[in-house]
Amino acid sequence: MDEIEEIKIQKQYIEKVANLNENKNLKYTILTMGCQLNENDSEKICGMLEEMGYIKTEKIEEANLAIFNTCCVRENAEERLFGKIGELKNLKEKNNLIIAIGGCMMQEEHILDKIKKSFSYVDIVFGTHTLHKLPEDIFKVLESQKKIKDVIDIDGNVYEDLPIKRESKIQANVTIMYGCNNFCSYCIVPYVRGRERSRKPKDIIKEVRELASQGYKEIMLLGQNVNSYLRSEMEAIKQGTLKNEDGDYKEINSFAKLLREINKIDGIERIRFISPHPKDFTLDVIEAIADCEKVCKFVHLPLQSGSTNLLKVMNRKYTKEQYLELVEKMREKIPNIKFSTDIIVGFAGETEEDFEDTLDVVRKVNFEQVFMFIYSRRVGTPGDKMPNQIPEEIKHKRFDRLKELVEKQIAENNKEYIGTTQRILVEGKSKNNEKMLTGRTESNKVVVFEGDENLINSIIDIKIVEDHMWYFKGEI
Ligand code: SAH
Ligand code: SF4
Ligand code: F3S
């Protein structure tokens with residue numbers, strides 16, 4: 001069965017469940033862990049559930065259906081999930097609650113075993129490759145009260161046209177590719193998300209056009225490795241295993257070209273993307289960022305480590321020098337470009353010298369934002385089997401040293417914003433103060449300021465007057 005056929009069938013299941021649920025006023029609650037890709041998946045889950053007649057609630061006590069969309073990139077998520085499911089046992093009996101768990105963690109054998117043994121009251125377990133089959137799974141549970149395990153281990157397909165209910169009316173996530181081929185030695189993602197596969201350019205362009213017509217201003221393009229968009233497909237066309245009969249890839253055949261095409265769409269004012277991989281940051285992508293006025297001059301460029309030795313062990317395929325050269329080249333071609341990054345501290349074999357190299361790169365690049373992680377061993381990855389693991393205490397000490405440097409740099413960088421005028425996309429009222437509005441700069445800094453509600457969802461100039469660690473105060 002092909003993907004289009006599969007989605008047709010699922011839409012029939014959506015109807016069937018909607019009929020069963022009619023006039024019952026049923027509610028669902030959802031907990032999403034992990035990255036923006038998972039958030040985008042959850043938006044699709046919510047879209048399907050609402051078409052099946054479920055209404056969203058934040059209160060677990062009144063829910064008839066509880067969904068968990070899980071992440072397994074680091075260990076702490078596991079404990080959190082098991083704690084949560086444990087708490088649901090009583091509610092399950094009291095309210096006849098249906099419990100469904102999906103996402104990356106469900107692609108791990110040892111997690112499935114644990115759920116079977118310790119949490120046998122869970123109704124549905126679905127994986128990253130079977131998310132679109134949730135309507136069928138729910139229908140079967142409603143009809144037969146049976147437990148459903150719907151996890152498969154495949155390279156993966158691309159499904160279009162699922163219903164979606166987005167979190168924001170201003171910024172929209174658009175997944176452009178699924179999976180990862182890189183197998184960084186610390187990382188579980190390639191094992192749980194399958195191989196790289198890209199959506200067709202025409203489907204992405206159609207989605208972004210629709211978003212523009214609905215009033216969305218900012219688009220976040222998502223993938224584990226966005227700058228290898230369409231690379232596997234181009235390779236397959238060359239080898240003759242994929243046909244290009246419909247001319248799907250005639251005009252747009254790379255990430256750079258996709259950026260240029262989205263840049264042309266009226267109504268969209270800002271384009272962001274995560275995550276690019278430094279090894280794939282080709283000149284055409286740099287030039288596209290420079291040329292496209294809507295593409296934010298703010299790039300997330302995951303470093304992971306500043307040590308060439310450790311980068312090799314991590315299988316990142318670039319050196320410290322290559323990373324720094326890339327940053328220089330981008331600064332040359334794109335005036336005022338700013339960077340954020342991800343760094344892992346305490347990966348297996350990390351010496352004091354390796355760690356100093358990481359601090360060195362942080363000093364040299366002067367990032368606007370650094371997401372710092374303590375290395376977490378993941379079952380099934382090469383990193384987990386390496387003999388020279390770093391003691392927790394050293395990991396934490398290094399983490400604190402990095403944090404100190406980063407916070408010092410951010411505080412200094414923030415000072416430079418004072419007195420400047422920034423273009424802000426106004427997102428809404430401030431959560432902490434109803435009288436203030438909040439928005440973000442191109443470099444993703446939060447700015448709060450006084451202003452009229454009708455400014456929401458527009459881009460305006462704001463003068464920065466006060467800096468705090470995690471936000472600015474500004475004036476129109
Ligand atoms: N594809 C993206 C990142 C995906 S995961 C990329 O390559 O940049 C998000 C971040 O989690 C990674 O950038 C990395 O810094 C961190 N991470 C991944 N695996 C980890 C692990 N085992 N322990 C700690 N941090 C990890
Ligand atoms: Fe993980 Fe590396 Fe793939 Fe990112 S590129 S998802 S870190 S394997
Ligand atoms: Fe986590 Fe899966 Fe994203 S493991 S980081 S939710 S791809």
Side-chain angles (χ1 to χ4, degrees), residues 31-43 45 68-78 80-81 101-108 111 127-129 131 156 173 175-196 221-229 231-232 273-281 299-306 310-311 313-318 323 339-348 350 358 367 369-386 389-390 392 395-396 398-399 402:
L31 175 72
T32 307
M33 302 166 164
C35 61
Q36 268 116 325
L37 285 155
N38 244 21
E39 280 168 22
N40 194 216
D41 280 350
S42 282
E43 291 177 328
I45 293 174
F68 296 87
N69 192 10
T70 62
C71 167
C72 54
V73 82
R74 287 171 291 272
E75 189 177 3
N76 43 15
E78 279 162 33
R80 191 164 156 231
L81 176 74
I101 316 179
C104 295
M105 211 189 273
M106 298 307 113
Q107 296 292 139
E108 296 185 290
I111 298 285
T128 56
H129 301 293
L131 172 127
N173 290 328
T175 300
I176 63 168
M177 61 188 301
Y178 301 89
C180 181
N181 289 355
N182 289 325
F183 291 93
C184 303
S185 58
Y186 50 82
C187 185
I188 191 78
V189 171
Y191 304 89
V192 297
R193 286 268 174 180
R195 295 295 64 71
E196 271 177 24
L221 303 174
L222 299 177
Q224 290 299 355
N225 190 7
V226 284
N227 48 356
S228 68
Y229 174 68
R231 183 163 307 158
S232 305
F273 54 86
I274 47 163
S275 288
H277 196 301
K279 79 173 163 61
D280 298 313
F281 229 111
V299 170
H300 184 67
L301 197 61
L303 170 69
Q304 312 303 359
S305 166
L310 211 62
L311 285 167
V313 185
M314 286 177 160
N315 194 28
R316 289 292 290 180
K317 302 197 167 75
Y318 52 85
Y323 185 94
F339 297 96
S340 62
T341 200
D342 287 353
I343 293 176
I344 298 177
V345 174
F347 184 59
E350 184 185 71
T358 299
F367 297 101
Q369 217 174 344
V370 181
F371 299 92
M372 297 167 271
F373 307 104
I374 290 176
Y375 172 56
S376 167
R377 294 170 74 166
R378 304 287 69 209
V379 174
T381 62
D384 186 41
K385 295 182 202 91
M386 291 178 187
Q389 302 291 331
I390 306 297
E392 288 302 315
K395 285 188 197 173
H396 280 90
R398 287 184 186 157
F399 182 89
L402 175 63

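Keep in mind it's a predicted model, so treat the numbers as computed, not measured. Every number for a ligand or one of its atoms is a count from 1 in the order of the listing. Start at 1 with the first residue, then count along the sequence.
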Checklist entry - Where does Val73 meet ligand 1, judged by heavy-atom distances below 4.0 Å: at the side chain, the backbone, both, or neither? => result both
Item to check | Given Lys279, His277, Glu196, the one that forms side-chain hydrogen bond (donor to acceptor under 3.5 Å, both in side chains) with Ser228 | outcome: Glu196
Checklist entry - Quick one: does Tyr186's side chain have a donor or acceptor within less than 3.5 Å of a partner on Ala348's backbone? => result no
Checklist entry - Under 4.0 Å from ligand 2, counting heavy atoms only, is it the side chain of Pro302, its backbone, both or neither? => result neither
Item to check | Sidechain-backbone polar pair: Ser376 side chain, Glu75 backbone, donor-acceptor under 3.5 Å | outcome: yes
Item to check | Interfacing atoms of ligand 2 (cut-off 4.0 Å, heavy-atom, Pro190) | outcome: 8 (S)
Checklist entry - With atoms numbered from 1 as shown, which atoms in ligand 2 lie under 4.0 angstrom from a non-hydrogen atom of Val189? => result 6 (S)
Checklist entry - Are Met177 and Ser232 close enough that some pair of their side-chain heavy atoms sits under 4.5 Å apart? => result no
Next on the checklist: For atom 7 (S) of ligand 2, what's the nearest protein heavy-atom neighbour? Residue, atom name and distance, please.
Outcome noted: Tyr186 OH, 3.3 Å
Next on the checklist: Centre-to-centre under 6.0 Å for Phe367 and Phe339, is that the case here?
Outcome noted: no
Checklist entry - Out of curiosity, is His277 lining ligand 1, as in a heavy atom under 4.0 Å away? => result no
Checklist outcome for this item: for atom 6 (S) of ligand 2, nearest protein heavy atom and its distance come out as Gln224 OE1, 3.5 Å
Checklist entry - Is the cationic atom of Arg193 (NZ for Lys, CZ for Arg) positioned less than 6.0 Å from the six-membered ring centroid of Tyr178 and within 45 degrees of its normal? => result no
Checklist entry - Which protein non-hydrogen atom lies closest to atom 2 (Fe) of ligand 2, naming both residue and atom, and how far is it? => result Cys184 SG, 2.3 Å
Checklist entry - Which of the atoms in ligand 1, numbered in the order shown and given with their element, are less than 4.0 Å from a heavy-atom of Tyr375? => result 22 (N), 23 (N), 24 (C)
Item to check | Verdict with supporting geometry, Glu78 and Arg378, salt bridge (charged side-chain N to carboxylate O under 4.0 Å, His left out) | outcome: CA-CA 11 Å; Glu78 279 162 33; Arg378 304 287 69 209; 3.2 Å; yes
Next on the checklist: Within ligand 3, which atoms have a heavy atom of Cys71 less than 4.0 Å away?
Outcome noted: 1 (Fe), 4 (S), 5 (S), 6 (S)
Checklist entry - So how far is it from Gln304 CD to Thr358 OG1, rounded to the nearest 0.5 Å? => result 10.0 Å
Checklist entry - Are Arg398 and Glu350 close enough for a salt bridge, meaning some N to O gap below 4.0 Å? => result yes
Item to check | Closest to atom 4 (C) of ligand 1 among Met372, Gln224, Arg377, Gln304 (heavy-atom distance) | outcome: Gln224
Next on the checklist: Taking only non-hydrogen atoms of Met105, do any sit less than 4.0 angstrom from ligand 3?
Outcome noted: no
Item to check | Nearest non-hydrogen protein atom, atom 23 (N) of ligand 1 | outcome: Ser376 N, 3.0 Å
Item to check | Separation of Leu81 CG from Ile101 CD1 (nearest 0.5 Å) | outcome: 5.0 Å
Checklist entry - Would you say Arg193 touches ligand 2, if touching means a heavy atom closer than 4.0 Å? => result no
Checklist entry - What part of Phe373, side chain, backbone, both or neither, has a heavy atom within less than 4.0 angstrom of ligand 1? => result side chain
Item to check | Identity and separation of the nearest protein heavy atom to atom 1 (Fe) of ligand 2 | outcome: Cys187 SG, 2.3 Å
Checklist entry - Among protein heavy atoms, which lies nearest atom 17 (N) of ligand 1, and at what distance? => result Arg74 NH1, 3.5 Å
Checklist entry - Side chain of Arg316, backbone of Cys184: donor and acceptor closer than 3.5 Å? => result no
Checklist entry - What class does the angle between the rings of Tyr375 and Phe347 fall in, given that below 30° is parallel, 30 to 60° is tilted and above 60° is perpendicular? => result perpendicular
Item to check | Within reach of ligand 2, part of Phe183 (heavy-atom separation under 4.0 Å) | outcome: backbone
Checklist outcome for this item: Here the gap from Lys395 atom NZ to Ile390 atom CD1, rounded to the nearest 0.5 Å, amounts to 8.0 Å
Checklist entry - Side chain of Thr175, backbone of Leu222: donor and acceptor closer than 3.5 Å? => result no
Item to check | Contact partition for Cys104 relative to ligand 3, non-hydrogen atoms under 4.0 Å | outcome: side chain
Checklist entry - If you count the atoms of ligand 3 from 1 in the order shown, which ones are under 4.0 Å from a heavy atom of Asn38? => result 6 (S)
Checklist entry - Is there a donor-acceptor contact under 3.5 Å from the side chain of Thr70 to the main chain of Gly102? => result yes
Checklist outcome for this item: atom 5 (S) of ligand 2 sits nearest the protein heavy atom Asn182 ND2, 3.3 Å
Checklist entry - Do the side chain of Asp384 and the main chain of Arg377 share a donor and acceptor less than 3.5 angstrom apart? => result no
Next on the checklist: Starting from atom 8 (O) of ligand 1, what is the nearest protein heavy atom, named by residue and atom, and what distance separates them?
Outcome noted: Pro302 CG, 3.0 Å
Checklist entry - Among all protein non-hydrogen atoms, which one is nearest to atom 10 (C) of ligand 1, and what is the separation to 0.1 Å? => result Asp342 OD2, 3.4 Å
Next on the checklist: Within the structure, is a non-hydrogen atom of Arg316 found at a distance of less than 4.0 Å from ligand 1?
Outcome noted: yes
Checklist entry - Would Asn225 count as a contact of ligand 1 if the rule is a heavy atom under 4.0 Å away? => result no
Next on the checklist: For atom 3 (Fe) of ligand 3, what is the closest protein heavy atom, and at what distance to 0.1 Å?
Outcome noted: Cys35 SG, 2.3 Å
Checklist entry - Has the side chain of Asn227 got a donor or acceptor atom that lies under 3.5 Å from a matching backbone atom of Asp280? => result yes
Next on the checklist: Just to be sure I read this right, does ligand 1 sit under 4.0 Å from the backbone of Ile374, its side chain, both, or neither, counting only heavy atoms?
Outcome noted: backbone
Checklist entry - How does Cys180 reach ligand 2, if at all, at less than 4.0 Å between non-hydrogen atoms: by side chain, backbone, both, or neither? => result side chain
Next on the checklist: Under a 4.0 angstrom heavy-atom cut-off, which atoms of ligand 3 come close to Gln224?
Outcome noted: 7 (S)
Checklist entry - Which protein heavy atom lies closest to atom 19 (N) of ligand 1, and at what distance to 0.1 Å? => result Tyr186 CD1, 3.3 Å
Next on the checklist: Suppose I only count heavy atoms of Ile344 and a 4.0 Å limit; which atoms of ligand 1 are within that range?
Outcome noted: 14 (C), 15 (O), 17 (N), 25 (N), 26 (C)
Item to check | Phe183 backbone acceptor or donor facing Asn315 side chain under 3.5 Å | outcome: yes
Checklist outcome for this item: Per-atom filter on ligand 1: closer than 4.0 angstrom to a heavy atom of Arg378 are 22 (N)
